[in-house]
Amino acid sequence: MKNIVEILSIPFTNTTKKKFIKDEITPRLKQEKKTFIVTANPEIVEYANDHPKYKDIICTADYITPDGIGVILASRWMKEPLQERVSGFDMMKDLFSLADKNGFSVYLLGAEESVIEEAANKVQFEYTNIELAGYHHGYIDINDAGLAKKIARQRPDIVLVALGFPRQEKWIHKHYHLFEKGIFMGVGGSFDVLAGKVKRAPVFWQKANLEWLYRLIQQPARWRRMLMLPRFALKVMIKSKRR
Ligand code: UDP
């Protein structure tokens, strides 16, 4: 089985969430090895292929994991099946548990002010051992190094960035050099879910691979973004036929 599976020239890490956390992330946290994780869905793959600079940024990541059933289906069509979805939200929860168990410190950056406050409260309430290094809302100038320098001085073990793509990966890439250590991951709208502003799809919907539809029903304004899904599917199909 291949460790890396390329979907439309984006290299995805082929693993399960459990193995990934246990064999890759836990040792890196313990060794204070700086790590950049991108969780990419079909929208990100398409955006990256349309925006070479963004593609270069995400290709500097140590890991790109498949977030979204679309990427998993694409890998099956290519006859190089990725083992499972490794989503940003699920990984965020696992990172909280790891931090809770080991006393790692976490910084939360992103979302609206009221949302991030609520999300930070929830984290402290649910994971009493976590050292919350701090938090900040996400309505910032991503090129301004001031906030990044402030965060770097806290030396957090985990930095979760919820600015939505492509801003979150751009922020991480731009300020990464200021940090000596840390696991950095963009988590999209996860703080909205954590704070209870947006509901995550119930397990039934997740198991039926319909999480995207549940999300669309909750946030109909996202329909425009979904227009690129047929294009993604078509490209993958053409590519798989050519092999
Ligand atoms: N957001 C932010 N700053 C911005 C734009 C967006 O902090 O300048 C936050 C927004 O409040 C939300 C998240 O980023 O919490 C974006 O969520 P979305 O589900 O759209 O993520 P995506 O799917 O785009 O990665």
Side-chain angles (χ1 to χ4, degrees), residues 10 12 36-51 53-55 57-58 61 63-72 85-93 95-96 106-123 134-148 150-151 159-175 184-201 205-206 209-229 231-232:
I10 303 297
F12 282 90
F36 178 17
I37 306 169
V38 173
T39 70
N41 56 19
E43 288 160 74
I44 293 188
V45 173
E46 279 300 271
Y47 186 87
N49 280 312
D50 287 341
H51 298 82
K53 277 193 187 151
Y54 179 68
K55 188 176 183 175
I57 288 176
I58 66 170
Y63 306 97
I64 303 179
T65 71
D67 187 352
I69 185 62
V71 178
I72 300 295
R85 238 186 111 188
V86 183
S87 80
F89 186 79
D90 290 334
M91 255 190 321
M92 174 182 82
K93 296 282 252 185
L95 287 173
F96 286 151
V106 180
Y107 194 98
L108 309 176
L109 170 65
E112 289 162 13
E113 183 125 43
S114 59
V115 170
I116 187 62
E117 270 172 24
E118 183 59 28
N121 283 339
K122 281 249 167 82
V123 171
Y135 61 87
H136 197 283
H137 66 80
Y139 291 83
I140 53 169
D141 169 7
I142 57 168
N143 294 312
D144 174 22
L147 176 63
K150 236 192 224 167
I151 301 172
V159 181
L160 301 174
V161 186
L163 307 176
F165 84 91
R167 286 165 59 78
Q168 56 199 20
E169 286 79 25
K170 285 184 179 169
W171 187 91
I172 293 172
H173 182 255
K174 179 143 195 100
H175 306 297
F184 292 76
M185 181 170 76
V187 292
S190 297
F191 296 165
D192 296 278
V193 178
L194 203 60
K197 189 184 164 208
V198 174
K199 257 185 48 211
R200 189 168 189 208
W205 289 69
Q206 289 179 39
N209 292 329
L210 289 173
E211 188 162 11
W212 60 274
L213 179 61
Y214 188 88
R215 224 174 156 194
L216 183 62
I217 294 167
Q218 275 203 87
Q219 297 172 292
R222 297 177 77 89
W223 71 271
R224 205 179 276 277
R225 298 172 45 154
M226 301 222 159
L227 293 179
M228 57 77 232
L229 281 172
R231 191 177 74 156
F232 169 83

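Just follow the structure's listing: the first ligand is 1, and inside any ligand the first atom is 1.
For ligand 1, the atoms closer than 4.0 angstrom to any heavy atom of D192 are 12 (C), 15 (O). Close approach of ligand 1 to F165 is summarised as follows: ligand atoms under 4.0 Å from at least one heavy atom of the residue are 22 (P), 24 (O), 25 (O).
Looking at I10 and I44, their side chains never come closer than 4.5 Å, going by heavy atoms from C-beta outward. You'll find the side chain of E113 stays beyond 4.5 Å of the side chain of Y139, heavy atoms only. Within the 4.5 Å cutoff, no side-chain heavy atoms of K53 are placed close to those of K170.
Residue, atom and distance of the protein heavy atom nearest to atom 19 (O) of ligand 1 are R215 NH2, 2.7 Å. At the top of the distance list for atom 9 (C) of ligand 1, counting protein heavy atoms only, stands A162 O, 3.4 Å. Looking only at heavy atoms of the protein, atom 3 (N) of ligand 1 is closest to G138 O, 2.8 Å. Of the protein's heavy atoms, G188 O, 3.5 Å lies nearest to atom 13 (C) of ligand 1.
If you check each of G186, G189, P166, G68 against atom 17 (O) of ligand 1, the one with the closest non-hydrogen atom is G189. Closest heavy-atom approach to atom 16 (C) of ligand 1 within the set A119, G110, G164, A111: this belongs to G164. Taking all heavy atoms of Y139, W171, F191, Y47 into account, the minimum distance to atom 11 (O) of ligand 1 is reached by Y139.
Within the 4.0 Å heavy-atom cutoff, E113 does not count among the residues contacting ligand 1. Put simply, part of R225 is less than 4.0 Å from ligand 1, judged by heavy atoms. The shortest separation from a heavy atom of Q219 to ligand 1 is not under 4.0 Å, leaving the residue out of contact.
In summary, K197 and E112 engage in a salt bridge, as defined by a charged side-chain N under 4.0 Å from a carboxylate O.
When all heavy atoms of G88 and D67 are compared, the closest pair comes out as N-OD2, 3.3 Å. Taking both residues in full, the closest heavy atoms of V123 and F96 are given as CG2-CZ, 3.7 Å, listed atom of the first, atom of the second, then distance.
The proximity of R222 to ligand 1, defined as any non-hydrogen pair under 4.0 Å, is limited to the side chain. Contacts with ligand 1 closer than 4.0 Å are made by side-chain heavy atoms of R167 only, the backbone lying farther away.
Between F165 and Y47, the ring-plane angle classifies as perpendicular under the 30° and 60° cut-offs.
Without hydrogens or angle criteria, H175 side chain to I142 main chain gives a donor-acceptor distance under 3.5 Å.
Atom CD of E169 and atom CD1 of I64 lie 9.5 Å apart (nearest 0.5 Å).
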